[in-house]
Colleague: 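First the structure, then my questions, so here it is.
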Amino acid sequence: MTALEAGLLGQTLLLVVAIAAALLTPTSWRSRVSGFFCTLLAVAGVVTGAIALSGGTGSLSIPTALPMDPLVLSPDRLGGLVMVVVSVVGVLASLFGIGSARVASASRTSWLSMAVFLSGMQLVPAATDVVSFLLFLEIMTLGSTALLLAHHATRGTVASALVWYSAMSQLSFFFVLAGFAMLAGLAGGTGFADLATIDPFTWQASVAFLLLLLGFGGKAELVPLHVWVPRVLPEAPGHVAAAMSGAMVNIGVYGALLVVVRLLPNGPAWWGVLIMVLGGVSALYGILQASVASNLKVLLAYSTTENMGLVFLGLGASVLLRADNAAAAADAALVAALLLMLSHSAFKSTLFLGAGAVARAAGEMNLDRLGGLGSRMPWTAAAFGGAAMGAAALPVTSGFVAEWMLLQALIHGSRVDGEVVSVAASVAMPLAVAVIALTAGLALLTFVKAYGIAFLARPRSRKAALADEVPVIMRIPLVVGALLVVGLGLLPGPLAVAIGSAVGPAFTPDVRTIGLAGLDARGIDAVLDPTTFIVLAGLLLAPVLITLFISARRHPTRTSPLPWAGGGSRLRPRMQYTATSYAEPLVRVFDDVLRPTRDVEVTHVGESRYLVERVHVEQTVSDVVETRLYRPVLNLMQRFGILARRAQNGSIHRYLSYSFVALLSVLIVVSL
Amino acid sequence: MFTTIYPQLIGLCTGTLLLTSALMVWRHSLLASIRLLSVQGFALAALVAVIGLEEGEVEVILVSLLVLLVKGMGLPWVLARETHATTRTDEAPRLNPTAALLTVALLTILSYVVASRVLAGDISISAHAAPIGLAMVLIGFLLLVTRRQAGSQLIGFLVLDNGIATVAFLTSGGVPLFLELGISLDVLLVVVILYVFAGRMRTKFGNTEIDQLRKLHD
């Protein structure tokens, strides 16, 4: 038995133990025991993934009672990478869950589903054939669905969110199933090795590609299959939302990678353009919605759509450039997409855990009612701040490295030795750069808003003023997550080398480590070494800082009343920016896309037209995709349902008549 | 001697079956329908006995006795008991008698046409009479569709069942005793259940019009 086989076996055994723990332990101990075993399960995933990533081989075959080949689990390097990423998030989420899961989210069902969800997620990248891939994908989906059920008894919105989630996840599953079925039909087998022999330039392969792209796009929360995200994630407990948004979306990315790297590599150029369009639209739409959202979890949920959009943008660029024979830039774009996936997992899980901590402490997710949490919850604030920097792609975080690499690949991509590679690339690349630039700007605004409104300034409500820091067991994953965000940003070289080895042997990106864990992408002549930069900057800045410090000691600062407050300090919480007012300029600029509905209600004092007692402003931004694309379809189905009800009126005579007419018709047909 | 009158006996029995079915469509009184059903049960038993004598099988004759007991006497007795207890037995069907009898004629013609296609190769006398069974099935169905009272529905169901039995006896020359026993018990059970059900309906709503049953409740 090899190490990899032991790891896979360990995961399956730990799943059984975790399920048993969830079922058997009493309520008072359940979160601790189950959380511990879920953490162990995820740690087993990290170890197994790391072994697979470093080139370990071995396979675990699970015999089934069905008349088909046994399910064979054997992750390759790419699968190992994804397994490590989702398992690390799993570890953080499970640890956080030990502290945060209470009452409904600490029920038997919830912890059992958590274990099932985690193991499903960890084993999807290990699948070597279509059947086991789909099986684990569905196990993962079912586990997450059951997890979301936790609060259905206390909150009415959970049920409708869950219906959306089930419908959308099954829709994506259907697309994936149809796509794989088509490929399997072409190849005459269900193993990924068989599927890899298909010629991507046939029309059947293109249809399968389209179906798979839609399906995995749905799993990765891309527009237009994202509508469940802003409904479901706010309803989920913090650790569940972190696992779904930080890890589950990666399975969508892995699926897309499987298609364009493993099964149908070197596809036609229009595939790349299509993926880029899908990703670009998702990125822009996601960040626009996030920038105007005032619910913290909705903001984070839309930001996931944005980041996944950028990942797909990179993926599409790599397919397009490869079709245009610009292999070096294509490889760089691929590495960038994976870097972005990694960094997104780190910062998004931390952000969602932070949101969970805020929800626990303040009982409130509406940014307009938060504020001042920074002084009450210093650990959470620091971790959330670090992760928010990553999400805004500020330097020395992993988000910065990923977006920098993506921009480098796109800028250098459209030309090889000064020659334009193709018309499509020379149009698509500048557009993609513009999309990323706009996205990055809006992301900065969004996360300044998220952090600034929630953690800085003064509390805007009583609950926020009384918030307390969360217990240690919840702080650990928060801090670890934030350290990961910064750490991954400081080590871009080894990271890119690991990713480069993971996408092999099909593609071999020319990246290596330079300086202090810096990144040298030789294919596109780009070098980034943040650690060296920081050390050098520190050496240069040290004298200045020391001088400043000494002079500050000599001249103590005077506290003066705020100059703009007219000499008096009458600063009240209501004088601050709120999330809504901060985003107001954006709403005005992007009015045509967002289509907000505003409702201003003015109450006058007595008869006076000029004296106002109070003004009530309400603004809601609806999801355009939902109202324009899904509502009409749903209305049509509802109308059909009403028609069908006329045929099914509950009268026994009616049903008997149907059978009679059917029987007569059969007889008449027979006698003809 | 028996072989010469055999076709006539078959014709007589099946003729009685068809006639009673048609009369049931015509008559609206539930009691009259029950009597007709009893006659039909006797005719069916006679038909089975004739087939048994022709083939010389004791088992089939035993089956005929069973049919006589269950369909000729048992079921009509159960139904009559229920009907006596009710005050209102007359039926206001959804189809007037003339139209109903015309439909019966059409259904009979249809069943002959169908049988001529399906049993094209079979020239035996009993197979020749098989369309009657099919016609009875259709007439039973017609009764089910057009009658409002639960009792009349039950009659329709029993005619349908008699039709199926007729087809079975005529085309396969009798069914094994155990099979017939099982089917008869099944039908008896259904009738008893519906009988109880109709009783509950009457205590609940005051009548047994099944049109009132439109909504499902937990």
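Letters go in sequence order (proteins before strands), and every chain restarts at 1.
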Colleague: Count the heavy atoms belonging to other residues, nucleotides or ligands that lie under 6.0 Å from CZ of A:Phe174, then report whether that count exceeds 12.
Modeller: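 Check fails, neighbour count at 12 or below.
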Colleague: Between A:Ile668, A:Leu667, A:Leu664, which residue shows the highest count of heavy-atom pairs closer than 4.5 Å to chain B?
Modeller: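 Result: the option with the highest number of such pairs is A:Leu667.
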Colleague: Looking only at non-hydrogen atoms, find the nearest pair between B:Gln153 and A:Leu656 and report the distance.
Modeller: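 Closest approach of B:Gln153 to A:Leu656: OE1-CD1, 4.0 Å.
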Colleague: Return yes when atom CH2 of B:Trp26 has more than 12 non-hydrogen atoms of other residues, nucleotides or ligands closer than 6.0 Å, and no otherwise.
Modeller: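 Atom CH2 in B:Trp26 is not crowded, with 12 or fewer foreign heavy atoms closer than 6.0 Å.
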Colleague: Looking only at heavy atoms and a cut-off of under 4.5 Å, which of B:Leu107, B:Leu138, B:Val137 has the most pairs with chain A?
Modeller: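 Heavy-atom pairs under 4.5 Å are most numerous for B:Leu138.
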